[in-house]
Structure formats: structure tokens, C-alpha cells
Amino acid sequence: EVQLQASGGGLVQTGGSLRLACAASGLTADEYAIGWVRQAPGKEREGVSCISSKDGRTYYADSVSGRFTISSNNAKNTVYLQMNSLEPEDTAVYYCLAERTRCGPGYSDYVSEDDYWGQGTLVTVSS
């Protein structure tokens, strides 16, 4: 059974930092793009960042590039998203997603039944 356990959301002021974690278990395919997708009220879903389970290739949406850093601890099967210089526009529910694809632009655009979601974690950035 595949499980993605997300944690680390919370309330922070503008300019602050948070770190999200996604602990994965049960993934069996050769390669996944594992990362974070966010959903804010009234906005389209956005693939924020991913990292390849195969070669560590990373991707960042333009909206977070330079502020967010994704990393993985293979020994713990955990992916982290360090979020710095947070802005009110970053307020959203963040979902961990393991997608059977190469990590890159288009991450989370075509999620299928072969992909896995974790539960959401709320990030609120106050102005």
C-alpha cells in the first residue's frame, strides 16, 4: 500500500519560512516525480516543485523559484520543501504528489490512477 504522509504546514508572517515534509512508503516504480502541488481558493491548482526519485532532478514553478528548495532524504524516504521569503500569495493547501513521470515542467498537469496523493497541509502567510 502506498502512503504519502505530509506535514509541516502552519501560519507564518510575510517573509517567514516553513518546511514541509512528505514521507513516502510503498512506491515501487522505477521513477517518480515527488513533490508539492498547491491549491488556493479561487485559483488553479499549481505544481510547485518536484524531485526525481531516480536521479534527483528538480523542478520549480516560476512563482517559487529562488525562494523554495526541494530536497530528499533517501534513507528516510522523505521529500522536503524548504519555503523561504513566504508571501501572502503562497497561502494554499499543499499536497504531496508522487507522479509516475519525469520531474519537470508539466508536473501534476496529467495526474492518473498510477499516481499518488498525500493529504493536504495548510500554509497560511499573513501580511
Side-chain angles (χ1 to χ4, degrees):
E1 179 187 7
V2 174
Q3 289 190 336
L4 299 178
Q5 183 68 39
S7 61
L11 172 64
V12 66
Q13 291 185 333
T14 296
S17 298
L18 284 173
R19 188 176 80 157
L20 305 182
C22 175
S25 62
L27 296 174
T28 60
D30 289 342
E31 181 175 13
Y32 290 92
I34 304 175
W36 299 90
V37 178
R38 66 186 180 186
Q39 180 75 62
K43 294 185 179 180
E44 291 188 1
R45 188 178 77 189
E46 181 182 24
V48 173
S49 179
C50 62
I51 187 167
S52 169
S53 66
K54 184 174 183 179
D55 59 14
R57 170 191 175 119
T58 60
Y59 161 77
Y60 298 94
D62 289 344
S63 58
V64 306
S65 181
R67 300 186 297 122
F68 291 10
T69 303
I70 195 166
S71 62
S72 64
N73 183 325
N74 293 334
K76 295 183 178 180
N77 292 322
T78 301
V79 172
Y80 302 97
L81 185 69
Q82 178 66 42
M83 305 185 295
N84 297 331
S85 302
L86 283 162
E87 305 166 349
E89 292 74 21
D90 297 314
T91 295
V93 178
Y94 285 69
Y95 297 91
C96 181
L97 167 65
E99 188 177 10
R100 283 194 63 181
T101 188
R102 285 283 285 164
C103 172
Y107 172 62
S108 83
D109 286 351
Y110 303 104
V111 179
S112 75
E113 63 183 13
D114 293 328
D115 306 321
Y116 301 95
W117 292 93
Q119 85 280 15
T121 184
L122 178 62
V123 172
T124 304
V125 184
S126 63
S127 57

Side chain proximity check, D90 to F68, heavy atoms < 4.5 angstrom:
yes
State which residues pass side-chain contact (heavy atoms from CB on, under 4.5 Å) with S25; sequence neighbours excluded, sorted by chain then number.
Q3
Just by distance, do the side chain of T124 and the backbone of T91 share a donor-acceptor pair under 3.5 Å?
no
Between T14 and S126, is there a donor-acceptor pair closer than 3.5 Å when you use the side chain of the first and the backbone of the second?
yes
Closest non-hydrogen atoms of C22 and W36, given as atom of the first, atom of the second and distance, are CB-CZ2, 3.5 Å
Would you indicate whether D55, at its atom CG, is surrounded by more than 12 heavy atoms from other residues, nucleotides or ligands within a distance under 6.0 Å?
yes
Sub-3.5 Å donor-acceptor pair from the side chain of Y60 to the main-chain atoms of I70, do we have one?
yes
Given the rule in the side chain to side chain contact (heavy atoms under 4.5 Å, CB included) test, do Y80 and T69 qualify, once you have shown the distances and angles that lead to the verdict?
CA-CA 8 Å; Y80 302 97; T69 303; over 6 Å; no
Would you check if the side chain of S53 reaches a backbone N or O of Y32 as a donor-acceptor pair within less than 3.5 Å?
yes
Got a donor-acceptor contact below 3.5 angstrom from the E99 side chain to the S108 backbone?
yes
Does some side-chain heavy atom of V123 sit less than 4.5 Å from a side-chain heavy atom of L20?
yes
Where C103 and I51 come nearest, the two heavy atoms and their spacing:
SG-N, 3.6 Å
Keeping D115 on the side-chain end and R100 on the backbone end, is there a donor-acceptor pair under 3.5 Å?
yes
Is the shortest side-chain heavy-atom distance between V64 and R38 below 4.5 Å?
yes
If we ignore angles and hydrogens, is there a donor and acceptor under 3.5 Å between the side chains of E46 and S63?
yes
Taking the side chain as C-beta and beyond, is there a heavy-atom pair between S17 and V12 under 4.5 Å?
no
Can any side-chain N or O of S49 pair as donor or acceptor with the backbone N or O of Y59 at less than 3.5 Å?
yes
Heavy-atom pair with the smallest gap, counting every atom of I34 and Y107:
C-OH, 3.8 Å
Any donor-acceptor pair under 3.5 Å from T121 side chain to G9 backbone
yes
With rounding to the nearest 0.5 Å, note down the distance linking CD in E89 to NZ in K43.
6.0 Å
Where E44 and Q39 come nearest, the two heavy atoms and their spacing:
C-NE2, 3.9 Å
Closest heavy-atom pair and its distance - L4, C96
CD1-O, 3.9 Å
Nearest heavy-atom neighbours spanning V37 and R45:
CG1-CG, 3.1 Å
